[in-house]
Amino acid sequence: MESEAPRVRLDPWAEGDLGLLRAMNAPELMSHLGGPETEDQLLTRHRRYVDLSADRTGRGRMFRIVLLPAGEAVGTIGFWEQTWQGRQIYETGWGVLAAHQGRGIAAAAAAAVVEKARAESKYRYLHAFPSVGNRSSNALCGRVGFSLRGPCEVEFPKGHLMRANDWRLDLTPGNGEG
């Protein structure tokens, strides 16, 4: 018997979400992203998330993932403008607190964020760049409908090249990958 997918809501990132960002900075959650950030780096990231979520020009949005019906914040997800191989795209990234992993929460949130990026009608493609060693995030990309374009190098964190997989999803309604 197949279990029911979890229900999630994506709430825009807000001033009060700094505690969630600190919880997401745990070593086991940051192992594929260069390790935990310093407090100053977290404060800078938090400000960037708040500003992005307040923006209404289509630059992107950041969200806290809320598990329903309890209403508990269990992770982060978003999409933002990026230049990739000379083209403007949206990039996405996510994380779920360790205690809530393995239950389909990230997949439900990723499906929801795809629809939010699609609704912007600004860029054709949404890309994800999980580390080649991050099996869970790479598998999630396939489950949500991204197509694997192949391995690449991306700069993350700033000043550090990371070997990643380039996953792409066509945001054009009704169009397949092309």
Side-chain angles (χ1 to χ4, degrees), residues 8-67 71-84 88-101 105-117 119-120 122-123 125-134 136-138 140-141 144 146 152-169:
V8 299
R9 180 182 71 227
L10 303 185
D11 288 347
W13 198 264
E15 289 291 346
D17 292 327
L18 181 57
L20 175 59
L21 192 59
R22 285 184 176 126
M24 295 297 302
N25 197 41
E28 66 273 17
L29 299 178
M30 297 297 289
S31 64
H32 293 287
L33 299 171
E37 294 181 303
T38 66
E39 181 67 12
D40 284 345
Q41 289 170 319
L42 282 178
L43 292 172
T44 299
R45 178 180 297 279
H46 176 64
R47 175 57 34 214
R48 191 169 61 249
Y49 285 5
V50 169
D51 291 347
L52 187 59
S53 286
D55 182 85
R56 295 297 177 265
T57 65
R59 290 187 318 122
R61 300 288 298 275
M62 285 303 300
F63 305 94
R64 70 180 163 277
I65 302 169
V66 178
L67 185 59
E72 179 182 3
V74 297
T76 64
I77 194 163
F79 64 97
W80 53 90
E81 290 178 324
Q82 184 67 266
T83 302
W84 177 246
Q88 287 298 114
I89 61 160
Y90 278 134
E91 180 179 346
T92 186
W94 54 82
V96 173
L97 293 170
H100 297 280
Q101 291 182 356
I105 293 168
V113 92
V114 164
E115 292 311 311
K116 290 186 179 295
E120 290 293 334
K122 189 167 182 180
Y123 299 117
Y125 295 112
L126 177 67
H127 286 252
F129 299 99
S131 165
V132 294
N134 188 336
S136 296
S137 284
N138 280 285
L140 178 126
C141 288
V144 175
F146 285 78
C152 62
E153 288 193 344
V154 294
E155 186 179 21
F156 193 88
K158 191 161 180 65
H160 175 318
L161 287 179
M162 176 178 82
R163 189 86 172 137
N165 279 321
D166 177 9
W167 290 89
R168 183 176 82 175
L169 187 138

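Starting from 1, each residue takes its place in the sequence as its number. In this text the structure is predicted, and so the values were computed from the model without any measurement.
Shown here are the salt bridge (Lys or Arg N to Asp or Glu O under 4.0 Å) partners of Arg61, two or more places apart in sequence or in another chain: there are none. Every residue was checked against the salt bridge (Lys or Arg N to Asp or Glu O under 4.0 Å) condition with Arg163, not counting sequence neighbours, and none meets it. For Gln82, the side-chain hydrogen bond (donor to acceptor under 3.5 Å, both in side chains) partners are Glu91, not counting sequence neighbours. Partners of Ile105 under the side chain to side chain contact (heavy atoms under 4.5 Å, CB included) rule, at least two apart in sequence or in another chain, are Pro6, Val8, Ile65, Leu67, Val74, Val96, His100, Arg103. For the salt bridge (Lys or Arg N to Asp or Glu O under 4.0 Å) test, residues two or more places apart in sequence or in another chain that qualify with Asp55 are Arg59. Remark: Arg22 engages Glu39 in a side-chain hydrogen bond (donor to acceptor under 3.5 Å, both in side chains) (not counting sequence neighbours).
Using a distance-only test at 3.5 Å, with no hydrogens or angles considered, no donor-acceptor pair links the side chain of Thr76 to the main chain of Arg64. Side-chain atoms of Asn138 never come within 3.5 Å of backbone atoms of Gly133 as a donor-acceptor pair (strictly under, hydrogens ignored).
Between the NZ atom in Lys122 and the CZ atom in Phe79 there is a gap of 10.0 Å [rounded to 0.5 Å]. In this structure, Ile77 CD1 and Trp13 CH2 are separated by 12.0 Å, a value rounded to the nearest 0.5 Å.
Annotation: side chain of Leu126 is in contact with side chain of Phe146 (closest heavy-atom distance under 4.5 Å). Taking the side chain as every heavy atom from C-beta outward, Phe63 and Lys116 approach each other to under 4.5 Å.
Under the 3.5 Å distance criterion, with hydrogens and angles disregarded, no donor-acceptor pair is assigned to the side chains of His46 and Asp17.
Under the 30°/60° scheme for interplanar angles, the aromatic rings of Phe129 and His127 are found to lie parallel.
Using a 4.0 Å cut-off between charged side-chain N and carboxylate O, Arg9 and Asp11 make a salt bridge.
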